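Just below is one structure, and these are the notes that go with it.
All values below were derived from every heavy atom in this structure, side-chain atoms included, with hydrogens, water molecules and symmetry-related copies excluded. Everything numeric here is computed off the predicted structure, so don't read it as measured data.
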Amino acid sequence: MLLTLDLHDARPLHEQVASAIRRAIGEGSYRPGDRLPPAKDLAGALGINTNTVLRALRDLRDEGLLEFRRG
C-alpha cells in the first residue's frame with residue numbers, strides 16, 4: 001500500500017492516514033479479510049509516530065471499516 005501525506009494539509013496527520021486507508025479500501029487495494037501492515041511499519045514508511053497511525057486505525061475500527069484481531 002502506498003500512502004502519502006501532505007504536510008501542508010491543515011488536517012491532523014491521523015485523519016490523513018485514515019483517509020488514505022479509506023481510499024485504498026475503496027479502490028479495492030484491500031478486501032475483506034486482508035491484513036494491513038503493522039502500525040509500526042506504516043509509521044516508519046510515512047515518517048510519523050506509531051501512535052498517530054494507531055489513532056487512525058482505531059478511528060477506522062470505530063467506523064466499522066477495520067477489525068482488530070490478535071496474532
Side-chain angles (χ1 to χ4, degrees):
M1 166 179 15
L2 178 62
L3 300 179
T4 58
L5 302 178
D6 180 2
L7 299 179
H8 301 292
D9 191 331
R11 294 179 301 156
L13 289 175
H14 75 276
E15 288 181 12
Q16 290 185 51
V17 172
S19 179
I21 294 171
R22 271 190 217 98
R23 190 171 33 259
I25 291 170
E27 292 172 350
S29 297
Y30 285 96
R31 289 179 252 167
D34 286 351
R35 294 183 72 160
L36 290 174
K40 183 177 178 180
D41 294 349
L42 284 174
L46 295 169
I48 60 175
N49 189 289
T50 303
N51 288 321
T52 302
V53 174
L54 288 170
R55 183 171 177 187
L57 296 175
R58 281 192 302 270
D59 289 349
L60 293 170
R61 179 198 58 196
D62 293 346
E63 292 173 18
L65 290 175
L66 298 181
E67 179 181 289
F68 288 3
R69 292 187 206 160
R70 293 210 178 261

[X] side chain near [Y] side chain, heavy-atom distance below 4.5 Å:
X	Y	answer
Leu57	Ile21	yes
Leu36	Leu66	yes
Glu63	Arg22	yes
Ile48	Val17	yes

Any idea which heavy atoms bring [X] and [Y] closest together, and the distance?
X	Y	answer
His14	Asp59	CD2-OD2, 3.3 Å
Leu3	Leu46	O-CD2, 3.3 Å
Ala18	Leu60	O-CD2, 3.9 Å

Exercise. Yes or no on side-chain contact (heavy atoms from CB on, under 4.5 Å) for Phe68 and Arg58, after CA distance, side-chain angles and deciding distance?
Worked result: CA-CA 9 Å; Phe68 288 3; Arg58 281 192 302 270; 4.1 Å; yes

Exercise. Salt bridge (Lys or Arg N to Asp or Glu O under 4.0 Å) with Arg11: which residues, sequence neighbours excluded?
Worked result: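 Applying salt bridge (Lys or Arg N to Asp or Glu O under 4.0 Å) to Arg11 gives Asp9.
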
Problem set entry | From CG (Leu5) to CD (Glu15), nearest 0.5 Å |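 These two atoms lie 12.0 Å from each other.
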
Exercise. When you measure from the side chain of Glu67 to the backbone N and O of Arg61, does any donor-acceptor pair fall under 3.5 Å?
Worked result: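 A pair under 3.5 Å: no.
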
